[in-house]
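Quick notes on the structure that follows.
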Amino acid sequence: MRIIFLGTPKFAVPSLEALVKEKHETLLVISQPDRETDRKGNLLPTPVKECTTKLNLPFLSCDNVNQITEELKALKPDVLITVAFGQMLGDDFLSIAPTLNVHASLLPLYRGASPIQASILVGDKKTGITIMQTVKKMDAGDILLQRDIDIKTTDTYETLHDKLSVLGARTLTEVLKQLKEGNIKQIPQDEIKATYTKKIIKTSGSIDWSKSAEDIERQIRAYNPWPSAYSTYAQTGEIIKFYSAIAHKTHTLSDILQGLSDITASNGTILHSSPQNGLFIKCGLDILQITSLQAPSKKILPSSEFLLGRNLIGKFE
RNA sequence: CGCGGAGUAGAGCAAUCGGUAGCUUGUUGGGCUCAUAACCCAAAGGUUGUAGGUUCGAGUCCUGCCUCCGCAA
């Protein structure tokens, strides 16, 4: 099929590669303009742009595709595909040809910018990919196909993102195949069940120690590696980032910690800290054991190594 | 030249005014114990990222370069 592909970040790359592999005719690939910079301030190409250079595909950077609808129409595409593109699409654009979107959740759940993080935060057992029609209302179009995937208790944003981006590519090729054969059903979304997710910002990572250890552990996984869950170490005022942790029931740990610390302390208190046993922090419910963390300007370290060089006392706020 | 931090033993960190480079852990050897991620003794392990400069003397001060990290999503 004749396809115009719109995508920007890493998530979209496997889908684009799949189109090429399935020998669809990729008329044009469009990304947001390059925005990320390295430490020296040089602009970095978007992952999709980088991929097109490698695959030798026609490419265009564009900060508003609604202004080039005529040019796109002239290419006579059969279908337009958006994967994490990042621009609002207007009526003119959507009238060019059927437009499909690859979304990383089981819609109508988690519409919006951070579906992967949302599914981990909530503690869902499953999430998945939805291929749907792109309409003006965000992520609200009719569903063409869904495929689900288990969320493991060890999955972080990064691992789940990578799995879903591959699943997204596979699901997309399936839909295109069905579309070509002309036997595809469209199922409207149940608006009542729709939920929405916001764009993640830096401060989303701030830890509220009055939450349960389980909730905080999921927050750590959902925001690993970015923006990462963090908290202020009261003793020095430094922001410490947390990358992995284990939630323990208070009653199963009280034996281990007995005599070492006061498990009735306030939320955020460091109950125990030693290279041998690890780092334990009091939460609103139960106890969180931090297993890897990072001090400012330092590397991410397992807690055993982190605690060799410095002893943590007091509390996090 | 976007702003900031860092580089010291295998690993993680100290080193006050510029004056003997230490600590924890790991490794190796020995000892002890019913027993441990236990305890005791000993040893090995460093061109302090790199190239220069200042100095009687530089981990420390100055300049260039390399590498890593945070901010900027």
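Excluded from the calculations below are hydrogen atoms, water molecules and symmetry mates; all remaining heavy atoms, backbone and side chain alike, are included. Being a predicted model, the structure only gives us computed values, none of them experimental. The chains referred to below are lettered A, B, ... by the order of the sequence lines, with proteins before strands, and numbering in each begins at 1.
To the nearest whole angstrom, the two P atoms, one in A38(B) and one in C3(B), are 49 Å apart. On the P atoms, G12(B) is 23 Å away from A21(B), given to the nearest whole Å. The P atoms of U24(B) and A73(B) are separated by 44 Å, rounded to the nearest whole Å. Using P as the reference atom, G46(B) and U8(B) are 14 Å apart when rounded to the nearest Å. Here the separation of G59(B) from C71(B), taken at their P atoms, is 33 Å to the nearest Å. Taking the C1' atom of each, C17(B) and C61(B) are spaced 12 Å apart, rounded to whole Å. Comparing C68(B) with U50(B), their C1' atoms are spaced 15 Å from each other, to the whole Å. A35(B) and U25(B) have their C1' atoms separated by 23 Å, given to the nearest Å.
Phe280(A) CZ to Ile246(A) CD1: the interatomic distance, rounded to the nearest 0.5 Å, is 8.0 Å.
Ile201(A) has its CD1 atom 12 Å from the C1' atom of A73(B), to the nearest Å. Computed from coordinates, the Tyr157(A) OH to A73(B) C1' distance equals 11 Å when rounded to whole Å. Rounding to whole angstrom units, CG of residue Asp38(A) and C1' of C68(B) are separated by 14 Å. Rounded to whole Å, the distance from CD1 on Ile200(A) to P on A72(B) is 14 Å. Atom CG in Asn277(A) sits about 12 Å away from atom C1' in U36(B), given to the nearest Å. Put simply, CG on Leu44(A) is 16 Å from P on A72(B), counting in whole angstrom units. Atom NE2 of His161(A) is separated from atom P of A73(B) by 18 Å (rounded to the nearest Å).
When atom types are taken as modelled, the side chain of Ser31(A) and the backbone of Gly7(A) share a donor-acceptor pair closer than 3.5 angstrom. Checking side-chain atoms of Thr173(A) against main-chain N and O of Thr171(A) turns up no donor-acceptor pair under 3.5 Å.
Note on Ser304(A): nothing from the nucleic acid sits closer than 4.0 angstrom, heavy atoms only.
The neighbour count for Lys199(A) NZ, taken as heavy atoms of other residues, nucleotides or ligands under 6.0 Å away, does not exceed 12. Few gaps surround CD on Glu174(A); more than 12 heavy atoms of other groups in view lie less than 6.0 Å from it. In Asn56(A), the CG atom is not crowded: 12 or fewer heavy atoms of neighbouring residues, nucleotides or ligands sit closer than 6.0 Å.
Residues of residues 217-236 of chain A having a heavy atom closer than 4.0 Å to RNA chain B, listed by number: Trp226(A).
Every residue two or more places apart in sequence or in another chain was checked for a side chain to side chain contact (heavy atoms under 4.5 Å, CB included) with Ser297(A), and none qualifies. By the side chain to side chain contact (heavy atoms under 4.5 Å, CB included) test, Thr203(A) pairs with Ile201(A), Tyr230(A), sequence neighbours left out.
In summary, Lys299(A) and Glu305(A) do not engage in a salt bridge, as defined by a charged side-chain N under 4.0 Å from a carboxylate O. Between Arg2(A) and Asp78(A) there is no salt bridge, since none of the side-chain N atoms of the basic residue sits less than 4.0 Å from a carboxylate O of the acidic one. Taking the charged nitrogens against the carboxylate oxygens, Glu191(A) and Arg111(A) do have a contact shorter than 4.0 Å, which makes a salt bridge. Taking 4.0 Å as the cut-off between side-chain N and carboxylate O, Asp155(A) and Arg221(A) do not count as a salt-bridged pair.
Comparing A72(B), A73(B), U25(B) by their nearest atom to the side chain of Glu36(A) picks out A73(B). Listed nucleotides G70(B), A73(B), U25(B) differ in distance to Lys199(A); the shortest reach to its side chain belongs to A73(B).
A ring-ring contact (aromatic ring centres under 6.0 Å, His included) check over residues 159-202 of chain A, counting only residues at least two apart or in different chains, returns the pairs Phe11(A)-His161(A), Tyr157(A)-His161(A).
Taking a pair as Watson-Crick or G-U wobble with both distances under 3.5 Å, the runs of three or more consecutive pairs in RNA chain B are B:2-7 with B:66-71, B:10-13 with B:22-25, B:27-31 with B:39-43, B:49-53 with B:61-65.
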How would nucleotides 11-16 of chain B be written as a contact map, 5' to 3', with B for base contact, S for sugar-phosphate-only contact and - for no contact, using protein heavy atoms under 4.0 Å? BBS---
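In this structure C61(B) sits in the anti conformation; its chi angle is more than 90° from 0.
Note on Lys241(A): a side-chain N or O is less than 4.0 Å away from OP1 or OP2 of C71(B).
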